[in-house]
Amino acid sequence: MGTNADVAAIFREIADLLDLLGERFKPEAYRRAARSLEGLPEDLRLIAQRGELDAIPGVGEALRQKIDEYLTTGAIPYLAKLQAELPPGLVTLTRLPGLGPKTARRFWLELGIVGPTELTEAIAAGRLNGVKGFGPRKIELIRDALASASTPSHRLPLAEADRIAQGIVASLRSRAPLDAVEIAGSFRRCRETVGDLDVLVTSNEPEKVLDAFNSLPGKARQLMRGPTKATIVLEGELQVDLRVVAPEEFGAALQYFTGGKDHNVHLRSIARDRGLRINEYGVFRGEERVAGRTEEEVYATLGFPWIPPEIREDHGEIEAAAQGRLPHLVELGSLRGDLHVHLAPDASTTVIRSALAEASALGFEYVGFAVPLGEGAVPELARTIRTVPSERPRILLGAEVPSWEGASDPPDGFDYTIVTSPIEAGSSSRVRSAAKKSSRPPILFAHGSGGAPASAGRTPGSAGRSQLIASIVVGPDAPSRGWDSATLRGLAESGVEVALSADSPDGGQLDRLRLAVGLARRGWTTAATVTNARPWSARPGSKPPAGRDGPG
DNA sequence: GCCGTTTTCGGCCCGACTGTTTTCAGTCG
């Protein structure tokens, strides 16, 4: 897949191995670089060609050399060297909950245990009994962890996490006395996938909140519970953390638990430079709390405006905030229509009317239905849609074709073309010629490359911004159709427009649009480059409306 | 391994919780 993701994965693997070797700071250095690479809007090869690898945050001389090695040979020998020093099963042990590198290393060196199988056998044979640091409870926990290790935990698509999160919030609110409640973590940053949920609550009665949390519907087991925090695992293996804080700490806690890690580390180092200390309870000068009730307060104390959660990755947002040039990110309320709504081929006028009604409730000026074109014939669906009268929202028809070869002018009666094939490396010339052929813009391309930011980011850019629009679709099963935030940022920087869409007329449109907007915000997208944040008449490539407002 | 106009060496976020301790180490987020 993508070069950036490949190198990042290798760096993470190296970090795990260095952990096992007992290294103190190198592992985090490799992980920081890995996170940095994953957020790059551009392919490493292109950055290397310009000789700018060591301008990447977290990449110094040693890591630059390793990236170069990978780009020329396809491998990083240092990884193989480390792998040769350690039993291959050892890393697997550190994946078990509650078992980290220190313990795994002790198993290996003191007991000759080199993997899960050997550990299971050792416990069964009683070889851990009496070993320093391993009481009966700990041995029991490790045995449980080994037994449940077969169910791999995975990250959920944002849309699915959103459904679960809404259920948790509603359930807690109905059964416990709480004031503010917010889901922080990568969920709040609108990451494409979510590994766990961080629920943050203020309440005068933490005990009752923790009780309600512990009896959430769908709970599989409790991992831990203290006076102010608890962790449970839901059926389906999603981990949920709860934290109860005082109202005057809520902003600081929200900031702290929203992350991302690098953003927070950077922020804390700035605080330290200014004689301040920042943690989840507030910003402190000495013992005195100087901020903490709201996030705005926390950022203001450090001299920054509030930074939107979606871009808190230490990818330049702190510098932008310091210089007063944070982008004004697109908002749900910016949208004036949807350009990519799918209907069943035999959809009735009733279905179409209800889709229009939902769009109308959102205040939309237009709805664009995507109609797949068959063998030259205009399908029945297009004829049905045309029989439905609607002045507002206005009905638009998008002719959906599977490949760039068909991406010329849409047939009569259609307003634009949607190409559903992914943008891939090497498709640049085809995209360009398709864009040239069309006299009736715009063309939406509906799928990202999912891991080739360079091609997706540059191809449409080189084709010109006037006619090509990336369609960011958040459907129930397709979280973002291959568009990740790094790619989106690349699009935004090269001036390519995006269209944000909920895809489906079957209800829940608002939630999915919200997520599409969140993903776009993660990519630093402003309303200025969102096609459906403008009237249809002001779309890219369209002739400016004639009249006194027109040029000339 | 990275980083830095107060540093090119000496730092590197920090607090909650657990199990094992008799004052703390390891893990996690």
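Letters go in sequence order (proteins before strands), and every chain restarts at 1.
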Under 4.0 Å between a side-chain nitrogen and a carboxylate oxygen: does that hold for A/Asp211 and A/Lys208? no

Heavy atoms only, 4.0 Å cut-off, all strands: where does A/Glu23 land among base, sugar-phosphate and nothing? nothing

Would you indicate, yes or no, if B/dC14 has its OP1 or OP2 atom less than 4.0 angstrom from a side-chain nitrogen or oxygen of A/Asn279? no

Find the distance A/Leu99:CG to B/dC28:P and express it as a whole number of Å. 8 Å

Per atom distances to the A/Lys102 side chain, the nearest of B/dC13, B/dG19, B/dT27 is B/dT27

Touch check for A/Arg24, heavy atoms < 4.0 angstrom, all strands: base, sugar-phosphate only, or nothing? nothing

For A/Ala104 and for A/Gly226, locate the closest nucleotide of DNA chain B by heavy-atom distance; then report the residue assigned to the nucleotide nearer the 5' terminus. A/Gly226

A/Leu242 CG to B/dA16 C1', straight-line distance once rounded to whole Å: 13 Å

In whole angstroms, the gap separating C1' of B/dT21 from CZ of A/Phe134 amounts to 14 Å

P-based separation of B/dC12 from B/dG19 [nearest Å]: 30 Å

Closest to side chain of A/Arg32, choosing from B/dC17, B/dC13, B/dC2: B/dC2

Compare the minimum distances between each of B/dT20, B/dG15, B/dG1 and the side chain of A/Ala29, then state the nucleotide with the smallest one. B/dG1

Aromatic stack A/Phe25/B/dC2: centroid gap under 5.5 Å, interplanar angle under 30°: no

Nearest listed nucleotide, side chain of A/Lys229, among B/dA16, B/dT27, B/dG19: B/dA16

Ignoring hydrogens and angles, state whether a donor on the side chain of A/Arg191 or A/Ser186 is under 3.5 Å from an acceptor on the partner side chain. no

Please compare A/Lys132 and A/Val59 by the position of their nearest nucleotide in DNA chain B and report the one closer to 5'. A/Val59

Checking base pairs now: Watson-Crick or wobble, both atom distances under 3.5 Å. What partners B/dG29? B/dC14

Kindly say if A/Thr103 contacts the phosphate of B/dT27, meaning a side-chain N or O under 4.0 Å from OP1 or OP2. yes

At under 4.0 Å between heavy atoms, what does A/Asn264 touch on the DNA or RNA strands: base, sugar-phosphate, or nothing? nothing

B/dC14 to B/dC9 separation - P atoms, rounded to the nearest Å: 25 Å

Close aromatic pair by centroid cut-off 6.0 Å: A/Phe11 and A/Tyr70: no

Roughly how many Å apart are B/dT20 and B/dT27, using the C1' atom of each and rounding to a whole number? 14 Å

Minimum-distance nucleotide to A/Leu141 side chain [options: B/dT27, B/dG19, B/dC17]: B/dG19

A/Tyr281 vs B/dA16: side-chain N/O to OP1/OP2 distance below 4.0 Å: yes

Could you check whether A/Glu69 and A/Gln65, counting side-chain N and O atoms only, form a donor-acceptor pair closer than 3.5 Å? no

Out of B/dC13, B/dC2, B/dA16, which has the shortest distance to the side chain of A/Lys261? B/dC13

Is A/Gln239 close enough to B/dG29 that one of its side-chain N or O atoms is under 4.0 Å from OP1 or OP2 there? yes

From the candidates B/dT18, B/dT20, B/dA16, the one with an atom nearest any side-chain atom of A/Met224 is B/dT18

Under 4.0 Å, counting only non-hydrogen atoms across every strand here, what does A/Lys26 touch: a base, just sugar-phosphate, or nothing? base

For nucleotides B/dT5 and B/dG1, find the distance between their C1' atoms and express it as a whole number of Å. 22 Å

Separation of the P atoms in B/dC13 and B/dC24, to the nearest angstrom: 22 Å

Is the phosphate of B/dG1 approached by A/Lys66 (side-chain N or O, under 4.0 Å from OP1 or OP2)? yes

Pick from A/Val283, A/Ile307, A/Ile318: which one makes a side-chain contact (heavy atoms from CB on, under 4.5 Å) with A/Tyr299? A/Ile307

In plain terms, say whether A/Glu85 and A/Lys81 are close enough for a salt bridge, that is, a side-chain N and a carboxylate O under 4.0 Å apart. yes

Does A/Thr228 place a side-chain N or O at less than 4.0 Å from the phosphate oxygens OP1/OP2 of B/dG15? no

C1'-based separation of B/dT8 from B/dC3 [nearest Å]: 10 Å

Rounded to the Å, how far apart are A/Arg64 CZ and B/dC2 P? 10 Å

Whole Å only: how far is the CG atom of A/Leu223 from the C1' atom of B/dA16? 14 Å

A/Leu90, A/Leu99, A/Val131 screened by side-chain contact (heavy atoms from CB on, under 4.5 Å) with A/Phe107, the one that passes: A/Leu99

Value in whole Å for how far the P atom of B/dC17 lies from CG of A/Leu210: 9 Å

Can you check the A/Asp196 CG to B/dT27 P distance for me, whole Å? 19 Å

Round to the nearest Å and state the distance from A/Glu319 atom CD to B/dG4 atom P. 10 Å

In plain terms, say whether A/Arg221 and A/Glu237 are close enough for a salt bridge, that is, a side-chain N and a carboxylate O under 4.0 Å apart. yes

In whole Å, what separates the P atom of B/dT23 from that of B/dC28? 26 Å

Using the C1' atoms only, state how far B/dC2 lies from B/dT7, rounded to an integer number of Å. 14 Å

Select one nucleotide: of B/dG1, B/dG29, B/dG19, the one nearest the side-chain heavy atoms of A/Arg137. B/dG19

